[in-house]
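Below, all heavy atoms of this structure are taken into account, side chains as well, without hydrogens, waters or symmetry copies. Numbering of ligands and ligand atoms starts at 1, following listing order.
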Amino acid sequence: MAKIAPSVLGADFSRLAEEIRSADNSGVDLIHLDIMDGHFVPNISFGPAVVKTIDRLTDKFLDVHLMLSQPEKYFEPFIKAGADSITFHIEVHPDPVKYARQLREMGVGPGISLNPDADVASVLPYLEHFDLLLVMSVFPGFGGQAFIESALETVAAARGHIDKHGLNTQIAIDGGIDGDNAARVVAGGADILVMGSAFFGSADKKALTEKVQGL
Ligand code: DX5
Ligand code: ZN
């Protein structure tokens, strides 16, 4: 059974409350929140105030994805805003264990992410410290991009490592996921599908949610 995590970046912000409630009512597993600083990625999204607003609208698990050059500076404000897990990128902290421990001490689940051009070997030694591995299947910064197939090789390598060592780390995949490639991605070893434009653009979010959860 796979999990679905709608990415709010794909929502219509003029109807944010309605969009969050419709995701919630569809039975999604988590809500994915993309935070961008205009430095690590070439775009700026939203900050803790919006996360806090979303936290008031739903009891769902808030999975915060920090696409920031200095993520550790913002752990506290996002945790205070309601984050349940915080994911940062291996590209900015190639030795990430200290930050994983810090996040756990602060009461949230640590996650680590890697871009599509990163070597999976850069994260494997650290997975035992993380609840989540977020494999990027687009270059982060924007929703609505095409799925990069080579991400499946990263998922497969991570799946092999996690299973071999009996780790609890879940694998999420983020970017270009839709109802068509969902089955392939889950068969490839992903536990959680992050879905932005395909989820919020769907005419039947509940059916899409049930389809993913049935995989
Ligand atoms: C990309 C973000 C993704 C994005 C996914 O920078 O990390 O979470 O919102 O959007 P779609 O599903 O439209 O590719
Ligand atoms: Zn994301």
> Who passes ring pair (Phe, Tyr, Trp, His ring centres under 6.0 Å) against Phe40, sequence neighbours left out?
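Partners of Phe40 by the ring pair (Phe, Tyr, Trp, His ring centres under 6.0 Å) criterion, ordered by chain and then number, come out as His89.
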> Are a donor atom and an acceptor atom from the side chains of Asp34 and His32 found within less than 3.5 Å of each other?
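There is such a pair between these side chains.
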> For distances below 2.8 Å, what is the count of protein N, O or S atoms around the Zn ion (ligand 2)?
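The number of such protein atoms is 4.
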> Counting distance only, does the side-chain N/O of Thr169 pair as donor-acceptor with the main-chain N or O of Phe130 below 3.5 Å?
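Side chain of Thr169 to backbone of Phe130: a pair is present.
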> Is the Phe75 ring parallel, tilted or perpendicular to the Phe88 ring (thresholds 30°, 60°)?
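Tilted.
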> Can Glu210 and Lys206 be counted as an ion pair, charged N to O under 4.0 angstrom?
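Here Glu210 pairs with Lys206 in a salt bridge, since their nearest N and O are under 4.0 Å apart.
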> Hey, are Arg159 and Asp191 close enough for a salt bridge, meaning a charged N less than 4.0 Å from a carboxylate O?
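A salt bridge is present here (some side-chain N lies under 4.0 Å from a carboxylate O).
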> Side chains of Ile177 and Val194: closer than 4.5 Å at any heavy-atom pair?
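Result no, sub-4.5 Å side-chain heavy-atom pair not found.
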> Only counting residues at least two apart or in another chain, list the ones meeting side chain to side chain contact (heavy atoms under 4.5 Å, CB included) with Arg104.
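Expected list: Pro110, Asp131.
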> Write out each pair where an N or O from ligand 1 and one from the protein are under 3.5 Å apart, with the distance.
from, atom 1, to, atom 2, distance (Å)
ligand 1, 6 (O), Gly141, N, 2.7
ligand 1, 7 (O), Asp34, OD1, 2.9
ligand 1, 7 (O), His65, ND1, 3.3
ligand 1, 7 (O), Asp174, OD2, 3.0
ligand 1, 8 (O), His32, NE2, 3.4
ligand 1, 8 (O), Asp34, OD1, 3.1
ligand 1, 8 (O), Asp34, OD2, 2.7
ligand 1, 8 (O), Asp174, OD1, 2.6
ligand 1, 8 (O), Asp174, OD2, 3.0
ligand 1, 9 (O), Ser7, OG, 2.8
ligand 1, 9 (O), Asp34, OD2, 2.9
ligand 1, 12 (O), Gly196, N, 2.8
ligand 1, 13 (O), Gly144, N, 2.8
ligand 1, 13 (O), Ser197, N, 3.0
ligand 1, 13 (O), Ser197, OG, 2.5
ligand 1, 14 (O), Gly176, N, 2.8

> Between Asn181, Asp29, Val185, which is the residue that forms a side chain to side chain contact (heavy atoms under 4.5 Å, CB included) with Leu193?
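So the option named by the test is Val185.
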